[in-house]
Colleague: 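This is the structure, below, for whatever I ask next.
Counting starts at 1 for both ligands and their atoms, in listed order.
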Amino acid sequence: MGKNEDLFIRAQKTIPGGVNSPVRAFRQVGGIPRFVSRAKGPYFWDAEDKRYIDLIMSWGPMIVGHANPEVVEAVQRAAATSFSYGAPTEGEIELAERICHLMPSVEQVRMVSSGTEATMSALRLARGYTGRDLIIKFEGCYHGHADSLLVKAGSGLLTFADSTQNAPSSGGVPQDLVKHTLVLPYNDIAALEEVFLKQGEQVAAVIIEPITGNMNLIKPLPEFLSTLRQLTSQHGSVLIYDEVMTGFRVALGGAQSLQGITPDLTCLGKVMGGGMPIAAFGGKKEIMSKLAPLGNVYQAGTLSGNPVAVASGLKTLEIVSRPGFYEQLTSQTEQLMKGLKLAADTSGVPVSVDSVGGMFGLYFADQVPRSFEEVTQSNIEHFKQFFHAMLNEGIYLAPSAYEAGFTSITHDSEVIEAILAAAQTAFKQLARDLK
Ligand SMILES: Cc1ncc(COP(=O)(O)O)c(C=O)c1O
Ligand SMILES: N[C@H](C=O)CCC(=O)O
């Protein structure tokens, strides 16, 4: 038995399922999760000292590479002056100013400690602002694990959920609460129009992953987004862009800067903390001023605006703001996707690919999917075999066919060549097994 397996057995005694977040448990792909001992740049090493090229990068945050020396230095400097004060700091003003500068739709921003807190608080704020209860989310989108949002949700839930229409995707979520959450298919303009026609005046908010990553990468149709913006404005509903994943990852200004859409509220996380537990929600001042202590919508946190996390976020945002960062990241990711497609085609395995900035989709399907329904038609068995063949070759993909992949600026040509060499072997093996 290897050290990873030893640790997995030991972990399961004191941690439910042996993991602190379900998707890490390899439930869709089977096998033994890798226990990480250290990481640097695009690589991590497991408990058996095997090196992997990391293609999830902590599910997005590590865009400047693991243990980036500049970020490590900033964090060490902040940590030396204590980890937390529970009182305001100048650093959090600097981070707020930087976010507002990079995302002009964000006029004011409140910091929290996780993406879940950001979306949960944004929803409460939208409900408090509009005085309405109803929210709309889209099938397969994941916005963290707040009760009202765990309906037909993506990510780890898709590795084990029984997602029947409008039933909560998680146990423990009251039906009474779920009745306030309407779920619509992603990219379905007619369904959106119909709901707004019938119930538009009751909708407090629509929350959307503006490019999804939690049912694999799916891009919205431009007409879908423009209809969404137009209907929410017309009916006085708050449009919430959940950019926890896409913010500072697909572009410096997030998905909204690529799409030309101005949301009312935006949720951020992941890259904005460079791997530390910090997130945020922000938007129109008129809405944000309903938050306590100014308004009557309560929201708080002992560790909110944590100074060590703020230092990590500030340095990460400084690095990604340097000229050429996103051009290089985008081009490296495109090079990777072209190579993967070529390797699959050469072996005769049906695969399609997509990417935006440092986020990518690899689908075991002929065509790039545009909805939850389409993505669930991809070949999960092929994905599983490919996942394990790649793992064997030292390439760590997300352990689920329904998750996007992530690169960093340290995934340079040499690293990409190594991934592609492994992929050629893995696709050939898969093609042989399929015969
Ligand atoms: C789009 C999106 N929103 C919200 C969340 C929740 O963030 P967290 O895991 O930090 O609570 C995630 C990731 O988990 C996410 O991808
Ligand atoms: N898809 C999730 C986040 O983006 C995966 C992270 C997790 O739930 O552990």
Side-chain angles (χ1 to χ4, degrees), residues 15-29 33-34 36 54-63 111-123 137-151 153-161 169-170 186 205-220 240-250 254-256 263 265-281 301 303-304 306 309 313 356 358-361 372 375 396-406:
I15 303 174
V19 291
N20 281 313
S21 199
V23 74
R24 298 178 196 172
F26 278 30
R27 288 296 281 267
Q28 191 182 64
V29 292
R34 300 310 190 253
V36 180
D54 189 357
L55 284 173
I56 65 167
M57 302 307 283
S58 185
W59 303 100
M62 311 311 293
I63 201 165
M111 275 149 217
V112 292
S113 300
S114 71
T116 296
E117 266 188 85
T119 56
M120 179 187 77
S121 309
L123 273 193
K137 78 173 281 288
F138 296 96
E139 209 177 0
C141 285
Y142 176 70
H143 304 287
H145 62 95
D147 283 350
S148 353
L149 290 166
L150 276 183
V151 191
S155 192
L157 289 121
L158 293 178
T159 61
F160 61 86
S169 306
S170 161
Y186 201 78
V206 181
I207 186 163
I208 185 167
E209 280 187 71
I211 295 169
T212 84
N214 289 293
M215 52 173 161
N216 211 325
L217 185 148
I218 294 185
K219 289 179 181 162
I240 306 175
Y241 254 38
D242 180 355
E243 296 230 39
V244 167
M245 192 180 269
T246 53
F248 313 115
R249 174 149 279 285
V250 298
Q256 55 195 267
L265 292 179
T266 296
C267 299
L268 295 167
K270 299 193 189 258
V271 171
M272 74 157 275
M276 295 293 275
I278 187 166
F281 64 103
L303 298 178
S304 293
N306 175 270
V356 51
M359 186 170 159
F360 67 84
F372 176 71
V375 81
Y396 191 82
L397 290 161
S400 162
Y402 300 131
E403 299 280 359
F406 303 95

Colleague: Please confirm whether the backbone N or O of Tyr186 pairs with a side-chain atom of Glu139, one donor and one acceptor, at under 3.5 Å?
Modeller: no
Colleague: Looking at Ser114, which atoms of ligand 1 are within less than 4.0 Å of one of its heavy atoms?
Modeller: 10 (O), 11 (O)
Colleague: Which ligand 1 atoms does Met245 reach within 4.0 Å, using its non-hydrogen atoms?
Modeller: 16 (O)
Colleague: So how far is it from His143 NE2 to Met245 CE, rounded to the nearest 0.5 Å?
Modeller: 11.0 Å
Colleague: Which heavy atom of the protein is the closest neighbour of atom 4 (O) of ligand 2, given with residue, atom name and distance?
Modeller: Lys270 NZ, 2.7 Å
Colleague: Give the residue, atom name and distance (to 0.1 Å) of the protein heavy atom nearest atom 7 (O) of ligand 1.
Modeller: Gly115 CA, 3.2 Å
Colleague: Judging by distance only, is a nitrogen or oxygen of Asp242 under 3.5 angstrom from one on ligand 1?
Modeller: yes
Colleague: If I take atom CZ from residue Phe281 and atom OG from residue Ser121, how far apart are they, to the nearest 0.5 angstrom?
Modeller: 4.5 Å
Colleague: Please check if the side chain of Arg249 supplies one atom and the backbone of Gly358 the other of a donor-acceptor pair under 3.5 Å.
Modeller: yes
Colleague: To the nearest 0.5 Å, how far apart are CG in Leu265 and CD in Glu243?
Modeller: 12.5 Å
Colleague: Go through the side-chain N and O atoms of Ser400 and Glu403 and say whether any donor and acceptor fall under 3.5 Å apart.
Modeller: no
Colleague: Show which atoms of ligand 1 fall inside a sub-4.0 Å distance from at least one heavy-atom site of Glu209.
Modeller: 1 (C)
Colleague: Got the closest protein heavy atom to atom 7 (C) of ligand 2, with its distance?
Modeller: Ser21 OG, 3.3 Å
Colleague: Any protein heavy atom under 4.0 Å from atom 11 (O) of ligand 1?
Modeller: yes
Colleague: Give the residue, atom name and distance (to 0.1 Å) of the protein heavy atom nearest atom 1 (N) of ligand 2.
Modeller: Asn214 OD1, 2.5 Å
Colleague: Rounded to the nearest 0.5 Å, what separation is found between the NE2 atom of His145 and the CG atom of Leu150?
Modeller: 8.0 Å
Colleague: N/O of Thr116 under 3.5 Å from N/O of ligand 1, yes or no?
Modeller: yes
Colleague: Atoms of ligand 2 less than 4.0 Å from Met245 heavy atoms?
Modeller: 4 (O)
Colleague: Under a 3.5 Å distance rule, please check whether Asp242 uses its side chain to pair with a backbone N or O of Thr266 as donor and acceptor.
Modeller: no
Colleague: Ignoring angles and geometry beyond distance, decide whether Glu403 reaches within less than 3.5 Å of ligand 2 through its nitrogen or oxygen atoms.
Modeller: yes
Colleague: Please compare His143, Met120, Glu117, Lys270 and report which has the shortest non-hydrogen distance to atom 13 (C) of ligand 1.
Modeller: Lys270
Colleague: Can you tell me if Thr246 and Glu209 form a side-chain donor-acceptor pair at under 3.5 Å?
Modeller: no
Colleague: Would you check the N or O atoms of Val244, main chain and side chain alike, for any that come under 3.5 Å of an N or O of ligand 1?
Modeller: no
Colleague: Among all the protein's non-hydrogen atoms, which is closest to atom 14 (O) of ligand 1, and how far away is it?
Modeller: Tyr142 CE2, 3.3 Å
Colleague: Please check if the side chain of Lys270 supplies one atom and the backbone of Trp59 the other of a donor-acceptor pair under 3.5 Å.
Modeller: yes
Colleague: Starting from atom 2 (C) of ligand 2, which protein heavy atom do you reach first, and at what distance in Å?
Modeller: Ser155 OG, 3.1 Å
Colleague: Return the residue, atom name and 0.1 Å-rounded distance of the protein heavy atom closest to atom 16 (O) of ligand 1.
Modeller: Asn214 ND2, 3.0 Å
Colleague: Check whether any side-chain heavy atom of Ile211 lies under 4.5 Å from a side-chain heavy atom of Pro220, and answer yes or no.
Modeller: yes
